[in-house]
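Positions are given from 1, in the same order as the sequence printed here.
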Amino acid sequence: MDTSIRPRSARARLAEGTGAEALHRLCAEYFDLGDLLSLVFAEPQLVTDPAWATGVCDDDFHALVARGHADGSIDPALPATWLQSVLWAQLYAGWSYLAEHDVSRHEVLGLVTRTVAGAVTPRP
């Protein structure tokens, strides 16, 4: 299994569709990195590769969020840096839930993407 963030971001096709659709694909791509990313978050000093320093909130992620603001699929009150935190928090919640409960990966991924979709939906 590929354990790199950049190829997974590329597979999520961040420049395609609405911003919210791209965010949904990004969640799905990152979900299978749970063991690796949980370790990275718990022990960040273990990662010395400079590629990790850029994080997910790079230019492509900012563009995804800006497109979502413009196309009405992402609440314009939510900045990209906030959505980065929401993404990682929900992925971590999903990984924890999967480890602690007798549920399928598919079910938990559905919960994560549904929660993120609800969080970014514009409010009246």
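- Legend: residues meeting side chain to side chain donor-acceptor pair (under 3.5 Å) with Glu16, ordered by chain and number and at least two apart, are Arg13.
- Closest approach of Ala80 and His62 over heavy atoms only: CB-ND1, 3.4 Å.
- Cys27 has its side chain within reach of Leu87: a pair of non-hydrogen atoms, C-beta onward, lies under 4.5 Å apart.
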Enumerate donor-acceptor pairs with a distance under 3.5 Å from any side-chain N or O in residues 110-124 to protein atoms, sequence neighbours excluded.
from   : atom 1 : to     : atom 2 : distance (Å)
Thr113 : OG1    : Leu109 : O      : 3.1
Thr113 : OG1    : Gly110 : O      : 3.3
Thr115 : OG1    : Leu111 : O      : 2.7
Thr121 : OG1    : Ala117 : O      : 2.6
Arg123 : NH1    : Gly118 : O      : 3.2
Arg123 : NH1    : Thr121 : O      : 2.5
Arg123 : NH2    : Gly118 : O      : 3.0

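- Not counting sequence neighbours, the partners of Glu29 by the salt bridge (Lys or Arg N to Asp or Glu O under 4.0 Å) test are Arg8, Arg11.
- Between Tyr97 and His101, the two ring planes are parallel [angle under 30°; tilted spans 30° to 60°].
- Scanning for side chain to side chain donor-acceptor pair (under 3.5 Å) contacts around Ser73 gives Asp71, with sequence neighbours left out.
- Within the structure, the ring pair (Phe, Tyr, Trp, His ring centres under 6.0 Å) test picks out no pair touching residues 103-124 (sequence neighbours left out).
- For residues 65-84, there are no ring pair (Phe, Tyr, Trp, His ring centres under 6.0 Å) pairs, not counting sequence neighbours.
- Taken to the nearest 0.5 Å, the CG atom of Leu64 stands 9.0 Å off from the CG atom of Leu83.
- Closest non-hydrogen pair, Ala22 versus Leu14, comes out as CB-O, 3.6 Å.
- In this structure the side chain of Phe61 reaches within 4.5 angstrom of the side chain of Leu23, judged on heavy atoms.
- The aromatic rings of Tyr30 and Trp88 sit parallel, their planes meeting at an angle under 30°, below the 60° perpendicular limit.
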